Amino acid sequence: INSQLDLDSKLYAICELLEKHVNHYDWVGFYFKNGNKEELKLGPYVGEPTDHTIIPFGKGICGQVAVSNENFVVPDVSAQDNYIACSITVKAEIVVPIFVNGENIGQIDIDSKTPDPFTKADERFLEFICEKVSGLL
Ligand code: SME
């Protein structure tokens, strides 16, 4: 059994479900801490391919969540200085960290083409998803 393939297929299935069933989720992906390096590495995702497969800690919305350990909701990406654009069609973003034994080991990242679409309900829902993902790791 290749357990990494097994895990990746589950994570991909989660991305597919979220992108398909939530209208304002247009790009859904996972980033994980890359070994012992101070950087994130792209995991399974659904949506347009991105050049940003490696993101240093602190850089962009994702890199900031890697160090803040907190959700980051961006209603308008054009208003952010420390933002990495993956597609010009993206208007908003939400990133929610994944914890294993209290350690921030990765995150779910969602882009939206809809301006200001994310609510507290998205945060609570994605925290729930991240807890489930934590249980798979
Ligand atoms: N916008 C992110 C980069 C990842 S893409 O959204 C897939 C950021 O600023 O960290």
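Atoms within each ligand, like the ligands themselves, are counted from 1 in listed order. Only heavy atoms go into these numbers, but all of them, side chains included; no hydrogens, no water, no symmetry mates. Bear in mind that the values here come from a model prediction, so they are computed numbers and not experimental data.
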Worksheet item: What protein heavy atom is closest to atom 2 (C) of ligand 1, reported as residue, atom name and distance in Å?
Response: E93 OE2, 3.2 Å
Worksheet item: Are I108 and L18 close enough that some pair of their side-chain heavy atoms sits under 4.5 Å apart?
Response: yes
Fill in: Pair D109, Y45: side-chain N/O donor-acceptor within cut-off below 3.5 Å
no
Worksheet entry | Closest approach of any protein heavy atom to atom 8 (C) of ligand 1, naming residue and atom | I61 N, 3.2 Å
Worksheet entry | With K10 via salt bridge (Lys or Arg N to Asp or Glu O under 4.0 Å) - residues at least two apart | D6
Discussion item. Can you tell me if K59 has over 12 outside heavy atoms packed within less than 6.0 Å of its NZ?
Written reply: no
Worksheet item: Can you find a heavy atom in the side chain of L126 that is under 4.5 Å from one in the side chain of Y25?
Response: yes
Show the atom names and distances, to 0.1 Å, of all donor-acceptor pairs under 3.5 Å that link a side chain in residues 64-76 to residues at least two apart or in another chain.
| residue | atom | partner | partner atom | Å |
| --- | --- | --- | --- | --- |
| Q64 | NE2 | G60 | O | 3.0 |
| Q64 | NE2 | N82 | O | 3.0 |
| S68 | OG | Q64 | O | 3.3 |
| S68 | OG | E70 | N | 3.1 |
| N69 | OD1 | N104 | ND2 | 3.0 |
| N71 | ND2 | E123 | OE1 | 2.8 |
| N71 | ND2 | E127 | OE2 | 2.8 |
| D76 | OD1 | S78 | N | 3.0 |
| D76 | OD1 | S78 | OG | 2.7 |
| D76 | OD2 | S78 | OG | 3.2 |

Discussion item. I'd like to know whether ligand 1 has Y45 as a neighbour, heavy-atom separation below 4.0 Å.
Written reply: no
Item to complete: Considering only non-hydrogen protein atoms, determine which one is nearest to atom 5 (S) of ligand 1 and report residue, atom name and distance to 0.1 Å.
Response: C86 SG, 2.5 Å
Fill in: Y31: numbered ligand 1 atoms lying under 4.0 Å from its heavy atoms
4 (C), 7 (C)
Worksheet item: Which residue supplies the protein heavy atom nearest to atom 3 (C) of ligand 1, what is that atom called, and how far is it?
Response: I84 O, 3.6 Å
Worksheet item: So if you build clusters from Ile, Leu, Val, Met, Phe, Trp, Tyr with side-chain heavy-atom gaps below 4.5 Å, do F30 and V46 land together?
Response: no
Worksheet item: For ligand 1, which atoms sit closer than 4.0 Å to a heavy atom of D111?
Response: 5 (S), 6 (O), 7 (C)
Worksheet entry | G60 N/O under 3.5 Å from ligand 1 N/O | no
Worksheet item: With atoms numbered from 1 as shown, which atoms in ligand 1 lie under 4.0 angstrom from a non-hydrogen atom of D109?
Response: 4 (C), 5 (S), 6 (O), 7 (C)
